[in-house]
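Reviewing the structure listed below.
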Amino acid sequence: MRYNFLMLVLSMLVYSGMLPAGQVLKQYTAKERQLEQVKFSVIEELAEEGVNSAYGVLAKMGESRPLINPPSQDQLIHWYTLSAQSGNSSALLWLGHYFLHGEGNNAGREHDALVLLASASILGNVDAANDLILIPKVLGVSYARLEEAFHDALQRLSNGQPIDCSWARCSPGLSQQPGFVSDKVSAKAKIFHENWRQSGVVKAYQYLKLLGVEELLAQSNSTSPKEKIRIKNAGKLKKNARLAREKRLAENPDWEMGAYLDRLKNRKSSAQDALRHYEGQDFAQLEKDIRHTINLINFHRDPDAQISYEEILQLMKKAP
Amino acid sequence: MIALESVVKPKCLANNNKIKVFTGVFVVVIMLFVVSSVSAQQTSHADKLKTMLSDYRDMDWSQYTVEAVRRRIPKKMYGSDVESLLSARLYFIGSQNIQEMQEVWQAQGIARPKTIVVANGVYSVADLHRLIDDDSVIEKTKDDTYLFRQPVYVTSTASLVISDATIRLSLLHGVFLVADGQLFIADAVITSWDERAGNEGEREEVPANELLLYGRQTPRPYILMNEGSQIYMANSRVSGLGYKGKRGTFGLSISKRPFVVTHRLHGYIRARAKPAGWLIGNTFTNNFFGFYSNQAEDVILLGNVYYDNVIYNIDPHDYSERLIIARNLTYNARQAHGIIISREVNNSTIAENLSFSNKGSGIMLDRNCSNTLVYSNLTIGNEGDGIAVFESDNNFVVDNITARNVRNGIYVRNSDYINTKNNFIFRNGNAGAETAVVDIDKLETRNFKLDPYHKSASALYEGNQFDSNLHAAMTAKNKGVVTVKNNKFYNSGPIFFGGELAPFAENLWHQNNGATPASEASHIPRQPVSP
């Protein structure tokens with residue numbers, strides 16, 4: 001009896017929607033989350049031991065993996081900043097996008113964001129270069145602002161400082177090493193600047209295109225005839241494989257399915273016979289309503305594209 | 001109660017009485033709760049229907065004409081930010097879409113495919129042709145006829161105007177048109193184009209049962225409107241587009257992807273609003289789908305003609321909202337339905353359409369669509385049902401004429417609170433209206449987590465006229481619940497109430513209250529069954 005009573009209460013709860021009836025989709029098992037958390041802890045230890053690039057990995061994991069204790073957005077920005085400080089171009093790219101999105105109290109920092117992305121591209125990040133090329137097109141940022149950001153980035157990197165907390169307003173808790181300068185970063189920036197000067201391209205945006213996109217284009221133009229034939233053949237092979245599979249199916253059909261489809265195709269039921277029999281009188285009865293609906297449709301059509309009742313009636317009569 | 005008493009021992013009689021009283025009170029409370037919720041539901045249904053009907057009837061149709069769309073087209077063209085970039089670098093327009101086209105590009109020997117990126121301005125097709133200035137990319141074949149050999153991507157900072165022009169999208173070069181910005185199309189023709197054959201290109205033969213399987217078809221050109229985009233299209237013709245791909249490749253699609261947290265450029269794109277548009281007075285034929293939407297909002301389809309499309313003529317899908325699909329002509333959908341809305345497409349109106357001779361149903365509501373008004377449509381001679389409501393609660397089917405369909409006039413399957421009112425249900429091949437619970441647990445093609453359903457069906461039939469339906473006026477299967485009120489029944493035979501309703505024919509007749517079997521409307525002899 002107690003069981004009956006409990007069932008009654010339970011059914012009432014389900015009915016009233018107080019208990020969700022198993023509709024929650026579970027994407028990751030607890031074990032998977034636990035495993036991710038362990039991996040995360042290992043990287044965290046590395047970072048704490050002073051491996052700066054580990055901060056970038058840590059932030060990326062925190063952003064995208066199903067952790068038991070996911071870090072806050074401020075924490076992620078903090079880690080990206082630490083990693084970017086050491087000249088990690090991926091961290092600069094992601095940090096730039098955080099700023100551009102205005103996340104983590106970073107609204108209205110478009111210029112800073114562009115400087116970070118420009119820094120990443122100067123340090124050789126092709127994705128950042130690509131994004132910088134597309135940002136004016138996709139987000140409507142002016143090319144002049146991009147140019148300005150690019151010059152700021154180049155100057156900062158030449159001084160060996162990918163991140164300057166007095167300028168970048170680092171998240172709370174970040175202790176910028178005083179006078180932090182990376183020789184590696186400044187060397188890279190100088191090489192970039194030298195190459196740019198030698199290229200003769202005046203605008204940074206144009207030079208970036210040359211690096212990020214046109215470089216790949218140049219590769220495609222230099223594809224050898226042999227390579228072109230190989231690519232073409234690969235496409236043909238792919239198509240041929242599909243055609244062969246279809247041919248196989250046609251030669252060895254699934255007879256049951258074939259028969260079923262044939263039946264569907266050729267079906268002529270008694271209902272269809274009856275409908276055919278009453279066709280004339282039915283359409284006479286429906287004519288007024290069909291004409292009315294056609295008039296409504298024609299109201300929204302160009303005078304040259306009107307449809308007529310007679311045309312529609314012919315089509316209706318053609319139906320199986 | 002019998003079960004309860006049989007398990008209680010005599011020495012516990014006092015306790016037993018207390019429990020009996022408590023359980024009795026509890027059951028009464030539950031019943032009151034159920035009754036009040038049902039009655040509240042009915043009241044809210046009536047109000048909702050009234051609002052929806054008045055909203056629709058009060059629409060100012062004069063602002064939705066071909067001329068109105070023409071007036072919206074920007075007159076001033078400006079900008080020069082048009083260039084051809086590597087397709088692979090446009091990672092945010094849909095990596096799957098790019099990947100699928102690889103087959104075509106590779107077959108053409110295009111190692112590094114490029115896409116025309118249109119940004120920062122308003123451009124006509126002639127502008128694109130002038131700015132690209134390369135006949136191997138955009139070729140002007142005749143006056144106002146352009147052949148595109150590279151895909152086009154209109155960014156959110158740009159608008160593209162296709163007016164009084166014919167656009168041919170090359171089949172061999174894997175061309176598509178994707179827009180995050182605005183697209184204005186008027187008095188234009190957009191087709192796929194096979195340069196070798198000099199026509200829009202034959203569709204390859206694919207067995208009917210494989211048409212919706214992924215990877216069976218060579219990609220064809222398509223138009224895809226992404227998140228934040230808007231399309232205004234009038235008096236134009238779209239043909240030969242679309243194939244079965246992963247996302248929005250079906251012909252003309254308006255689609256938003258589920259938002260995924262990401263901090264590169266797709267973050268901005270995907271966070272944009274749901275796409276919208278007006279399609280007025282156009283013709284869509286020989287596309288894979290005539291129209292497709294995914295998470296679109298406030299799209300208006302008016303006065304369009306859809307015919308001979310491969311699967312569906314009109315197919316708004318996945319969480320689209322507040323659509324108006326009105327005054328369209330849809331016929332000869334080659335494999336399935338004339339108009340179908342599917343997967344939580346809510347608060348939409350399907351009205352005054354003429355849907356006939358489709359392979360499936362004339363109009364279908366599928367997979368948890370609710371608050372849809374199906375009003376004053378004509379569904380005639382479809383090979384499936386006239387109007388089908390599948391696994392979708394709380395919908396209104398009002399003032400429609402559904403006639404000569406091979407199956408039922410109205411078919412309600414696994415759907416509750418369906419209000420069918422004042423419909424003329426005439427000479428359908430099976431029943432005038434069928435309300436059924438169907439076990440679809442074994443349906444392999446269905447994801448039940450995404451599309452849950454319940455095994456119950458209930459419909460109110462009020463003020464309908466059932467005339468000459470071939471098997472029965474009304475039927476129910478597997479405990480489908482039917483409520484009838486003030487319907488008129490003529491000549492349906494051999495019985496008015498078939499299936500599980502047959503034993504309750506007399507009760508239903510009384511419930512129907514005032515309906516009289518009359519034969520004066522037709523010369524066909526009345527069938528011999530009358531409750």
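The analysis underlying the following values was restricted to heavy atoms, covering all of them including side chains, and did not include hydrogens, waters or symmetry mates. Every chain is numbered from 1, with letters handed out A, B, ... down the list of sequences.
For chain A, the nearby parts of B:Leu354 are the backbone and the side chain; heavy atoms of each come within less than 4.5 Å. For a residue to count as touching a neighbouring chain, one of its non-hydrogen atoms must lie under 4.5 Å from one of that chain's; by this rule A:Ile290 touches chain B with backbone and side chain alike. If you measure heavy-atom distances from B:Ile401 to chain A, the contacts under 4.5 Å come from the side chain alone. Interface remark: B:Arg272 contributes no atoms to any contact with chain A (heavy atom separation under 4.5 Å). Of the atoms belonging to B:Asn235, it is side-chain heavy atoms, and not backbone ones, that fall under 4.5 Å from chain A. Both the backbone and the side chain of A:Asp127 come within contact range of chain B, judged by heavy atoms closer than 4.5 Å. For B:Asn377, no part sits under 4.5 Å from any heavy atom of chain A, backbone or side chain. If you measure heavy-atom distances from A:Leu139 to chain B, the contacts under 4.5 Å come from both the backbone and the side chain. Looking at B:Phe426, only its side chain comes within 4.5 Å of chain A, counting heavy atoms on both sides. With a 4.5 angstrom heavy-atom cutoff, B:Phe92 touches chain A only via side-chain atoms.
Residues A:Leu134 and B:Leu85 are in side-chain contact: their nearest non-hydrogen atoms beyond the backbone lie under 4.5 Å apart. At a threshold of 4.5 Å between non-hydrogen side-chain atoms, the residues A:Lys137 and B:Tyr153 do not count as touching. A:Phe283 places a side-chain heavy atom less than 4.5 Å from the side chain of B:Ile380. For the pair B:Arg427 and A:Gln285, the minimum side-chain heavy-atom distance is 4.5 Å or more.
Atom-to-atom distance recorded for A:Leu315:CG and B:Tyr307:OH is 9.5 Å, nearest 0.5 angstrom. Taking OH of A:Tyr143 as the reference point, atom CG of B:Asn120 lies at 5.5 Å (rounded to 0.5 Å). Here the straight-line distance linking atom CG of B:Asn353 with atom CG of A:Leu296 works out to 10.0 Å at 0.5 Å rounding. Taking CZ of B:Phe356 as the start and CG of A:Leu313 as the end, the distance is 9.5 Å to the nearest 0.5 Å.
Of the residues considered (B:Gly181, B:Ala403, B:Ala119, B:Ala158), B:Ala119 shows the highest number of contacts with chain A, using heavy-atom pairs under 4.5 Å. Contact count versus chain A (heavy atoms, under 4.5 Å) is highest, among B:Asp180, B:Asn328, B:Val117, for B:Asn328. Of all the listed residues (A:Asp304, A:Leu117, A:Asp289), the one sharing the greatest number of non-hydrogen pairs under 4.5 Å with chain B is A:Asp289. Put simply, of B:Arg404, B:Glu67, B:Glu352, the one with the most heavy-atom pairs under 4.5 Å next to chain A is B:Arg404.
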Could you walk me through whether A:His97 and B:Leu265 satisfy the side chain to side chain contact (heavy atoms under 4.5 Å, CB included) test, starting with their C-alpha distance in whole Å, then the side-chain angles of each, then the deciding distance to 0.1 Å, before giving a yes or no? CA-CA 8 Å; A:His97 276 294; B:Leu265 290 175; 4.2 Å; yes
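Just one residue in the list A:Leu286, A:Ile294, A:Thr293 forms a side-chain contact (heavy atoms from CB on, under 4.5 Å) with B:Leu378, and that residue is A:Thr293. In summary, of the residues considered (B:Val305, B:Thr65, B:Ile280, B:Asn282), a side-chain contact (heavy atoms from CB on, under 4.5 Å) with A:Arg301 occurs for B:Val305 alone.
The backbone N or O of B:Val66 sits nowhere less than 3.5 Å from a side-chain atom of A:Asp302 that would complete a donor-acceptor pair. When atom types are taken as modelled, the side chain of A:His300 and the backbone of B:Asn304 share no donor-acceptor pair closer than 3.5 angstrom.
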